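Let me begin by presenting the structure, written as C-alpha cells, before commenting on it.
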2 protein chains.
Amino acid sequence: MKIAIYGYGNLGRGVEYAAAQNPDIQLFGVFTRRDPQTVKTAFEDTKVYSALDISDYKNDIDVLIICGGSATDLPEMTPALAAEFNVIDSFDTHADIPKHFAAVDSAAKRGGHIAVISVGWDPGMFSLNRLYANAILPNGKDYTFWGKGVSQGHSDAIRRIEGVADARQYTCPVQSALDSVRNGENPELTTREKHTRLCYVVAKEGTDKARIENEIKTMPKYFSDYDTTVNFITQEELDRDHKGIPHGGFVIRTGRTGENSENSHVIEYSLKLDSNPEFTASVLVAFARAAYRMNSRGETGCKTAFDIAPVDLSAKSREEIIAEML
Amino acid sequence: MKIAIYGYGNLGRGVEYAAAQNPDIQLFGVFTRRDPQTVKTAFEDTKVYSALDISDYKNDIDVLIICGGSATDLPEMTPALAAEFNVIDSFDTHADIPKHFAAVDSAAKRGGHIAVISVGWDPGMFSLNRLYANAILPNGKDYTFWGKGVSQGHSDAIRRIEGVADARQYTCPVQSALDSVRNGENPELTTREKHTRLCYVVAKEGTDKARIENEIKTMPKYFSDYDTTVNFITQEELDRDHKGIPHGGFVIRTGRTGENSENSHVIEYSLKLDSNPEFTASVLVAFARAAYRMNSRGETGCKTAFDIAPVDLSAKSREEIIAEML
C-alpha cells in the first residue's frame, strides 16, 4: 500500500521513519505548503510535492497521513482531504472532537473514503485502554497521568514572557499519587496533586529573573494550578540537555468485583517515549494500514481507534497473529 | 441481552457477579452437568438448569458463556454449543488454539452464530496488547511476565506428591529482569531469569519434609527450570493466608524509531488482580456483549479478541465513548 505525508514537521518526519520500518508500506512522498525545493526530508529519495497539487495524485495514494496542527490546520484539512483520499489525522483538541468527527464523516462518506481521526497516544492508545478497562470493570475509577514529558504548549507559553530567550517545560506525574492509585486507594486527586511542572528557562541578559519566575508560576490555566519549579540555565545547557521531545504517561483503571466488591483489580497501561512525534507517527502508520483495509472492504466514513478491529493494524496474517500473539 | 453460564465453578460464579454489574445484561441462568438441585449459586434468584436440556433454550439465550476447562471440556463443548448458540470461551492451551479455532469456526458458521474463543487476560487482554504494540513498533522485542499469582496447575502438581496434604504455588516475576526490560536494555532472559516459584506446602504428619522439598524442586517442566522456594506451613495457615486466587502480570514491548534507531520506546500493560477467575469472567462478559452485537449485524464464525472492534465491548453509545474516553 502507498501512503503519503501531508505536512512536514516533526510528525511528518516521524511518519517517514515509521514507513521505512514497515515493508508492506511504500511512501509515495511528502506534500508541503512550503516551496518543495526548500524541504529537506530525512531520506534523500523521498519525493516532495506541493500541497497545491495534491488532487492530481488521488489515484496514486492509498492513505494520506495528515500531519498538521489541531488548532487551525486539521479542522480545515481533514474534511477537505477526506473527500478525495483515505486519511488519518491526530486531532487532539478533546472538546472539539465531536464537531470534527461530524465534518470529516460527511466528507468521507461523500467521497467514499475512510477517515480515521484522533490517532496517536492520547487521544489514541490511551483512549483505547480507557475503553477496554471500562468495559471490563464497570464498577471502577479512571486515572490518567502524563509525563515525564515535554509540553510544547507550555514551553511556548513561557517563551512568550518578556525577557525569555528560550524555554522547555516538563509535565511530571506525582509519584505518591501514582502509588496511591496503584494500591487501589481510589483517591480523589486535584490538579495540583496529580502533576508538577518543571521549567528550564534561558533569560535574556540583564532581565529580572525573579519577575520571570513569578510570571510563570502565576500564569492562569498553564501554571497557577500546579506546583511549578523554575530553573534558569544557559542556552548552551538547554540545547545540550533538553533538545529531545520525550513524553509518556499512565492510564490506570481500578475496579472491584465479587459478591460484596471484595476483590480489587488494577489495569495499567503506560508509555515511556524518547520521541513523542516519532511514536505518534508510528501509531498513525499502523492505523493507516487499517484504514486502507477497511476501505478496500467497502467501508466509508469517519472512524476512531474504537472502531477498528486490532487485526487490521498488523502487517501479519490472521493465522500468524493467532499463532504468535494470542 | 440475555446471557447464560455453562459450567459453574469459580469462573462461572465470576460471570454471575460480572453480569450483575452490567445493567444491559440479564443472566438467564446457569447450566450444569451436575444435579441442578446440588448447585448453590452466588445469588439466590439465579436459575439452575441441567446441561442436558440446553438445546431447549436456544431461543432464550443471546450468548452462552462456556466456563469449562481447556484440557478436556472446551475442545468438546465449544464446537458442539457453537452450532446452536453464540458462545464465548476462555480456551488457553496456546499450542492448540489453531485447531480449536478451526473446529469452532466450522460449527459456528454452520449454525449462523458467533463464537469468540480464548477470551480472558492471557490469552485475551495480554494478546491484544502484544498485537497493538507490535503493530506500532515493528522494530522491537516482546516480554511477558506473569505474577505474582497462584498457578492452579503447579499447586496441583505439588499436591500429587506423596505426603503432601495441601499446597499453594505462586509464580513471581523477577524484579531485576522487569527493571532491565523497562530500561530498554533488551535482555535475553532464560526461564530461570524471568520467574521464581514460591510454594506453601502442608505436609502430612510424620512425612520427611526434605524429601518433599527435593521432589518439588527437581520436578521436570514444573519446577526444575526455576529457582523454587518451599515453605512448610500448617493447614490453618494455608487456609488463613492463601485462600485467595490473585494473579496478574506484565506485557512489555520495547522498540526503536528514528533515522538511526536512536529513540527508544517502552509500551507496558499490566494487571494486578485479587481474583483471577472474577477478572477473567469480567472480560468474558464484555466480549459476550460484542458477540451479540456482531451476530445481530449478521456476522458469523469463530472470532478472537483481535477481530473485535473495541466499541462493541462497551455498554455506552459510540457518542458517549467519543465524548468521555477519546
Side-chain angles (χ1 to χ4, degrees), chain A residues 14 17-18 21-22 42 94 97-98 101 118 123 125 127-132 134-139 182 248 257-259 262-275 278-279 281-283 286 289 304-311 313-316 318-319 321-323 325-326, chain B residues 14 17-18 21-22 42 94 97-98 101 118 123 125 127-132 134-139 182 248 257-259 262-275 278-279 281-283 286 289 304-311 313-316 318-319 321-323 325-326:
Chain A
Y17 294 139
Q21 289 191 345
N22 288 279
H94 281 83
I97 289 175
F101 185 97
S118 302
M125 296 313 299
S127 322
L128 279 171
N129 277 280
R130 284 189 277 262
L131 176 58
Y132 278 117
N134 272 270
I136 297 168
L137 295 176
N139 176 19
R182 284 180 183 145
T257 63
E259 192 160 4
E262 64 274 25
N263 289 315
S264 172
H265 309 283
V266 183
I267 304 175
E268 175 169 344
Y269 180 78
S270 70
L271 296 172
K272 200 175 130 205
L273 313 174
D274 273 359
S275 166
E278 287 180 16
F279 186 83
S282 298
V283 180
R289 181 183 287 121
T304 69
F306 300 143
D307 303 304
I308 292 170
V311 68
L313 301 171
S314 173
K316 298 191 178 192
R318 199 155 176 268
E319 289 66 34
I321 293 168
I322 288 176
M325 298 186 216
L326 192 58
Chain B
Y17 294 139
Q21 289 191 345
N22 287 280
H94 281 83
I97 288 174
F101 185 98
S118 302
M125 296 313 298
S127 322
L128 279 172
N129 277 280
R130 284 188 277 262
L131 176 57
Y132 278 117
N134 271 269
I136 296 168
L137 294 176
N139 176 19
R182 284 180 182 146
T257 63
E259 191 159 5
E262 65 274 25
N263 289 315
S264 173
H265 308 283
V266 183
I267 304 175
E268 176 168 342
Y269 180 79
S270 70
L271 295 172
K272 200 175 131 206
L273 313 174
D274 273 0
S275 166
E278 287 179 15
F279 187 82
S282 298
V283 180
R289 181 182 287 122
T304 68
F306 300 142
D307 302 305
I308 292 171
V311 68
L313 301 171
S314 173
K316 299 192 177 190
R318 200 154 175 269
E319 289 65 33
I321 294 168
I322 287 176
M325 298 187 215
L326 192 58

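Throughout, protein chains are lettered first and strands after them, A, B, ... in sequence-line order, and every chain is numbered starting at 1. As the structure is a prediction and not an experimental result, all values here were calculated from the model.
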Between the main-chain N or O of B:L131 and the side-chain N or O of B:N134, is there a donor-acceptor pair closer than 3.5 Å?
no
Name the option with the most non-hydrogen atom pairs under 4.5 Å to chain B; the candidates are A:P310, A:A286, A:P98.
A:P310
Parallel, tilted or perpendicular: which describes the rings of B:H265 and A:F279, with under 30° parallel and over 60° perpendicular?
tilted
Answer key: most heavy-atom pairs under 4.5 Å with chain B among A:R130, A:E262, A:R318 is A:R318
Among A:I321, A:L137, A:I136, the residue with the most heavy-atom pairs under 4.5 Å to chain B is A:I136
Looking only at B:L273, B:V283, B:T304, most heavy-atom pairs under 4.5 Å shared with chain A are made by B:L273
Comparing B:A323, B:S314, B:S275 against chain A, the one with the most heavy-atom pairs below 4.5 Å turns out to be B:S275
Tightest non-hydrogen contact, residues B:A42 and A:E259, listed as O-OE2, 3.6 Å
Heavy-atom cut-off 4.5 Å, strictly under: side chain, backbone, both or neither for A:I308 against chain B?
backbone
Under 4.5 Å from any heavy atom of chain A, what part of B:N139 do you find: side chain, backbone, both or neither?
both
When only pairs under 4.5 Å are counted, which of A:S264, A:A305, A:P123, A:G248 shares the most heavy-atom pairs with chain B?
A:S264
side-chain contact (heavy atoms from CB on, under 4.5 Å) assessment of B:I267 paired with A:M125
CA-CA 10 Å; B:I267 304 175; A:M125 296 313 299; over 6 Å; no
If the condition is salt bridge (charged side-chain N to carboxylate O under 4.0 Å, His left out), which residues does A:K316 pass it with, not counting sequence neighbours?
A:E324
On a heavy-atom basis, the closest approach of A:S118 and A:I97 is OG-CD1, 3.6 Å
Pairs of heavy atoms under 4.5 Å with chain B: top-ranked of A:G14, A:A281, A:G258, A:A18:
A:G258
Between A:I322, A:L313, A:L128, A:D307, which shows the greatest number of heavy-atom pairs under 4.5 Å with chain B?
A:D307
Contact part of A:R182 toward chain B, heavy-atom cut-off under 4.5 Å: side chain, backbone, both or neither?
backbone
In chain order, what residues pass the ring pair (Phe, Tyr, Trp, His ring centres under 6.0 Å) check against A:Y17, with sequence neighbours excluded?
A:F43
Shortest non-hydrogen pair, B:H94 vs A:L326, comes out as NE2-O, 3.4 Å
